[in-house]
Amino acid sequence: MTATVVQPPTVPAPVSAPATGLRSRADTGRLKVTLPRVVGAEWFKFASLRSSWITIAVALAVIIGFGALAAAVAAGDIEPARGGGPGEGALGLDPTSLSLAGAGLAQIILGILGVLAISGEYSSGMIRATLAAVPRRVPVLTAKAIVIAVVAIVVAVPGTYAAFFVGQAIFGDGANASLSDAGVGQAVLGTGVYLAAIAVLGLALGALLRHAAGAIGALFTLLLLAPNLLPLLLPDSWAEALVPYLPSNAGAAFTSVAPADGLLSAGAGMAVLAGWIVVLLATAAVLLRRRDA
Amino acid sequence: MIVVEHVTKNYGKKTAVNDLSFTVRPGVVTGFLGPNGAGKSTTMRMIVGLDRPDTGSVTVGGKPYRDHVAPLHEVGALLEARAIHPGRSAYNHLLALATTTGIPRRRITEVLDLVGLSTVGRKRAGAFSLGMGQRLGIAAALLGDPDVVILDEPVNGLDPEGIVWIRNLLKSLADEGRTVFVSSHLISEIALVAEHLIVVGRGELIADTSVSEMQRAASGVVVRVRSPRASELARLLLDDGVTVESSGGPSELRVTGLEAAVIGDRALAAGLPVHALIPTEVSLEQAFMQLTHDSVEYEPTAPAPEPAGTRQEVTSR
């Protein structure tokens, strides 16, 4: 800790004009803040936290493990908790959906990963350093969205395929589904993409609310509570019109082999989910620019 | 160069900064002084664009901070509150900041060496002491080799060795021609490094002056006079802006508002003997407390005992 010798700080070249301290214009040009650089910075931030990797490991374990468990229960390899014979649980009979049963919980985990990518900066105070480094601010949110989206896709899509194949192996030949079966390929890929989309949705909620607890609460409400509560609270005709447009139901439109009645078409579901993300991120960007950090 | 012009900032109904204007010039260390809650941190946050002024403008190097293409190269700031994720190492914290603007990795090693953190650079910042956190904040501020260095209470948590180190650092930064703006609520600390002072209280400018001027204003204002004919001398000296009190016995006076030489000349002219004429140094601390007395935001309920010799007026300019 002995640092009594103070050297003039120099980057990237020694201060050329000590009388004014002004560096050349070339330096300023070379040290420009660009979106690719901010994306790189956000990647380092993400990768340098142990919690990021733990969350990813848990998400993968949940996608694959719960899918395998559901498949095993349904295939009769494991006795279900209470009553019901093989394949008669609440999970239904569709081998694809059963093998992807972990997605319901994994969406929450990946959504929280998105929330924490920004709420962690507010709780630690890091956001002040971040926004002082990138005073235009919006590139920070854009970069975070890119990093979270890429990470979540890289984790969730292969994870979903793995869950599918593990699940089908448990069902065994004859009882299992194949990617070439009608609707199956789309459901498996769709589930992976849906999970990645929820991670970005979590980021948008974190940026809007700035506190982990509030944003995670909003995530739960939007994904889990709203689809069940709205039909109870609203007149039937309203609920029927609104509920398909909730993010989870918009997702269900392209993540199921045989979508339930009343859902949007697969294409419309994707567009609606994308719309949620775009609107929430854009609102977060406007507020990020406007609010004091 | 930092230029703050007619800046006002409210948080809800509370005014943090009110019509504040001042300029911080390059090449010298400028101290930013004021009691706690005077608006120092708010002002510094507005300089680096973290908070937006309600009215008025703040520019650094000729334009608003957010308009600089290489902001870390322009301004390096250590703000009062910690700005480090506890789960990240010092090195990775600096790497994330450096990457935004293309600063090479060797510079990270350089600044970690400079602040004496190279041996703990890979440890989680959450385990850092307050002093180490401050050093890391200073490393982050110097990362971009900035023209302007802004440090909010940098000596907080530093050990005596660290305090000496930062004084030398600030002076060398200013000698290199940089603009160095350092806040403190302790004038005794800042007077050792700063040449210029911006004093604020309740969000308003109280003084914009040099340290030497402040020292001059503070010293020699009280003169102790000993004379066998003290009461006659007291009557002679009493005037507008001059107060005379007896102190330490019947032959001793404390005169406020006249210089020792003037008192001596008048006594001579009146033929009054003077046995002693002692200008009393008022410490900068006392001058500062006097200056900010009316603008202390959080006063203790039991008023602190007033140090002797503070009952004179210090003119602000």
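We name chains A, B, ... by the order of the sequence lines, and we start the count at 1 in each one.
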**Item:** Contacting moiety of Ser123(A), where chain B heavy atoms sit under 4.5 Å
**Value:** neither

**Message:** If we define contacts as heavy-atom pairs under 4.5 Å, which of Pro36(A), Pro139(A), Ala41(A) has the most with chain B?
**Reply:** Ala41(A)

**Prompt:** Which region of Leu50(B), side chain (C-beta onward) or backbone (N, CA, C, O), has a non-hydrogen atom less than 4.5 Å from a non-hydrogen atom of chain A, or is it both or neither?
**Reply:** both

**Asked** Under a 4.5 Å heavy-atom cut-off, does chain B meet the side chain of Arg50(A), its backbone, both or neither?
**Response** side chain

**Message:** Below 4.5 Å, heavy-atom pairs only: which of Ala47(A), Gly40(A), Ala132(A) has the largest tally toward chain B?
**Reply:** Ala132(A)

**Item:** Nearest atoms (heavy-atom pairs only) where Ser124(A) meets Pro86(B)
**Value:** CB-CD, 3.7 Å

**Item:** Gap separating the CG atom of Leu31(A) from the CD1 atom of Ile103(B), nearest 0.5 angstrom
**Value:** 6.0 Å

**Asked** Heavy-atom distance under 4.5 Å between the side chains of Thr99(B) and Glu42(A), does that happen here?
**Response** no

**Asked** For the side chain of Arg45(B) and the backbone of Ala293(A), is there at least one donor-acceptor N/O pair under 3.5 Å apart?
**Response** yes

**Asked** By a 4.5 Å heavy-atom criterion (distance strictly below it), what part of Asn92(B) contacts chain A: side chain, backbone, both, or neither?
**Response** side chain

**Request:** Check whether any side-chain heavy atom of Tyr11(B) sits under 4.5 Å from a side-chain heavy atom of Asp292(A), and report yes or no.
**Result:** yes

**Prompt:** Tell me, do Pro71(B) and Val33(A) make a side-chain contact under 4.5 Å, heavy atoms counted?
**Reply:** yes

**Message:** Would you say that Glu121(A) contacts His85(B) through its side chain, given a criterion of any heavy-atom pair below 4.5 Å between the two side chains?
**Reply:** no

**Item:** Heavy-atom pairs under 4.5 Å with chain A, option from Leu78(B), Ile166(B), Leu72(B) with the top count
**Value:** Leu72(B)

**side chain to side chain contact (heavy atoms under 4.5 Å, CB included) assessment of Arg289(A) paired with Arg66(B)** = CA-CA 11 Å; Arg289(A) 275 183 62 113; Arg66(B) 53 170 289 130; 3.4 Å; yes

**Message:** Please classify the contact of Lys9(B) with chain A as side chain, backbone, both or neither, using a heavy-atom distance under 4.5 Å.
**Reply:** side chain

**Asked** Do Arg52(B) and Arg291(A) come within less than 4.5 Å of each other through their side chains, counting heavy atoms only?
**Response** no

**Message:** How long is the straight-line distance from NZ of Lys32(A) back to OG1 of Thr100(B), given to the nearest 0.5 Å?
**Reply:** 14.5 Å

**Pick from Leu49(A), Ile127(A), Leu35(A) with the largest number of heavy-atom pairs that fall under 4.5 Å of chain B** = Leu49(A)

**Asked** Do Met126(A) and Leu97(B) come within less than 4.5 Å of each other through their side chains, counting heavy atoms only?
**Response** yes

**Asked** Between Arg88(B) and Ser48(A), is any side-chain donor less than 3.5 angstrom from a side-chain acceptor?
**Response** yes

**Interface moiety of Arg290(A) toward chain B, non-hydrogen atoms closer than 4.5 Å** = backbone

